[in-house]
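Convention: sequence-line order gives letters A, B, ...; per-chain numbering from 1. Heavy atoms only: backbone and side chains are in, while hydrogens, waters and symmetry mates are out.
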Number of protein chains: 2
Amino acid sequence: MFSKSTEYALRALIYLAQNSSEDHKIGIVELSVAIDSPKSFTAKILQKLTHGNKLISSVTGPSGGFYLTDQAKKKSLLKVLTLLDTEHMISGCILGLSECSEINPCPMHADYAKIKVQLLGMLGQKSLEALAREMNDPKVVINNNNR
Amino acid sequence: MFSKSTEYALRALIYLAQNSSEDHKIGIVELSVAIDSPKSFTAKILQKLTHGNKLISSVTGPSGGFYLTDQAKKKSLLKVLTLLDTEHMISGCILGLSECSEINPCPMHADYAKIKVQLLGMLGQKSLEALAREMNDPKVVINNNNR
DNA sequence: ATAATAAAAGATATATTTGTCTTTTATTGT
DNA sequence: ACAATAAAAGACAAATATATCTTTTATTAT
Ligand code: FES
Ligand code: FES
């Protein structure tokens, strides 16, 4: 569905939503272990989300690391996808036409449009902190370390 | 959502379902123009679907080309995705965990599982010939040549 | 101030996907 | 049989995604 980059980003954000705050920052080592992702590659992905858009906060140096503000934790997955410039994965045409439109729909459009509404609805109303809350259930996981 | 390869494959199959038969075969040139895809790349993709699995039929030489049998036209999109080995795009974990399971679900699982059922349902019941029928509506398109 | 720390930045490497081009093989119409 | 045709096969090229490693910069604790 999504690219590895996007998957790592979402997992990282959920972990940060659950475990970080302004006075408890998370280092890249802990984070990449927790979400089972390649360390340096994940660092690059996080950088994209710290600079312009300021979704992730970070500070260098001792006791530094990454964290989410309460404001950031309220952002929806859809917002995150928009920042990652990958929302088109869902909103684009399922057959790859350059535009998903009602004027000139593809043969799948009528059916897919209904599902798209639900997908976008789910992503739009699901906040990072709501997903973090799911992790209170001990069976819910965010890595592959259980196998 | 899908890779370019998959998109081209689906568009090609829909076109063949609509326009080909055992006594009206379609050449790669006509096909790649009709679905607006790179010719040689599309040829490679079609080959994958002709050999082992026999979804697409083809004959070389004059008046040769690609076509679908009536039987093949009845196959569902889900069946096609299975042949292309890309069904995991939908059935896999949306956060990229190695397995989508009820035992150890990811934080998105509860919500995504519902949508997944609908997605797989739609893909499973939509046959190539049903999609070809959609193209009888003149506004429905399968390429980008209208822009 | 200094040393330790951790992210930022940059360079590089590998793998995969996408795309093109040429040669070969199979089939058909003449 | 022969020439024309069209897919099959194979080699190659380019672009993108994924991943690693090193150096630099910013921050903090001492
Ligand atoms: S046009 Fe293809 S899904 Fe809307
Ligand atoms: S475990 Fe992630 S979607 Fe099912």
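- Atom CG of B:Leu95 sits about 6.0 Å away from atom CG of A:Leu10, to the nearest 0.5 Å.
- With no hydrogens or angles considered, a side-chain donor-acceptor pair links B:Thr42 and B:Ser37 at under 3.5 Å.
- Straight-line distance from the NZ atom of A:Lys4 to the P atom of C:dT17: 11 Å, rounded to whole Å.
- Rounded to an integer number of Å, the gap from B:Glu7 CD to C:dG19 C1' is 15 Å.
- Taken together through direct or relayed side-chain contacts under 4.5 Å among Ile, Leu, Val, Met, Phe, Trp and Tyr, B:Phe41 and B:Phe2 form parts of separate hydrophobic clusters.
- Comparing A:Thr50 and A:Gly61 by the nucleotide of DNA chain C that holds the closest heavy atom to each, the one mapping nearer the 5' end is A:Gly61.
- Donor-acceptor pairing under 3.5 Å, judged by distance alone, is present between the side chain of B:Thr60 and the base of C:dA26.
- B:Leu128 CG to B:Ser76 OG: the interatomic distance, rounded to the nearest 0.5 Å, is 8.0 Å.
- Inter-residue side-chain proximity for B:Thr50 and B:Leu55 is flagged as unmet; no heavy-atom pair is nearer than 4.5 Å.
- A:Cys93 places none of its side-chain heavy atoms less than 4.5 Å from the side chain of A:His109.
- Taking atom NZ on B:Lys54 and atom P on D:dA8, their separation rounds to 10 Å, with Å as the unit.
- Considering only side-chain N and O atoms, A:Tyr8 lies under 4.0 angstrom from the phosphate OP1 or OP2 of D:dA19.
- At a non-hydrogen distance threshold of 4.0 Å, A:Pro62, A:Ser63 from residues 62-71 of chain A come into contact with DNA chain D.
- A 4.5 Å side-chain heavy-atom check between B:Glu22 and B:Val59 finds every atom pair outside the cut-off.
- Residues from residues 21-46 of chain A that place a heavy atom under 4.0 Å from any atom of DNA chain D, listed by number: A:Pro38, A:Ser40, A:Phe41.
- In this structure, A:Gln47 places its CD atom 12 Å from C1' of C:dA6, rounding to the nearest Å.
- Atoms CG (A:Leu84) and P (D:dA17) sit 13 Å apart, rounded to a whole Å.
- Among all heavy-atom pairs drawn from A:Pro107 and B:Ile14, the shortest one is CG-CG2, 4.2 Å.
- Rounded to an integer number of Å, the gap from A:Ile56 CD1 to C:dA6 P is 18 Å.
- The salt bridge (Lys or Arg N to Asp or Glu O under 4.0 Å) test applied to B:Asp111 returns A:Lys126, not counting sequence neighbours.
- As rounded to whole Å, 12 Å separates atom P of D:dA26 from atom NE2 of A:His51.
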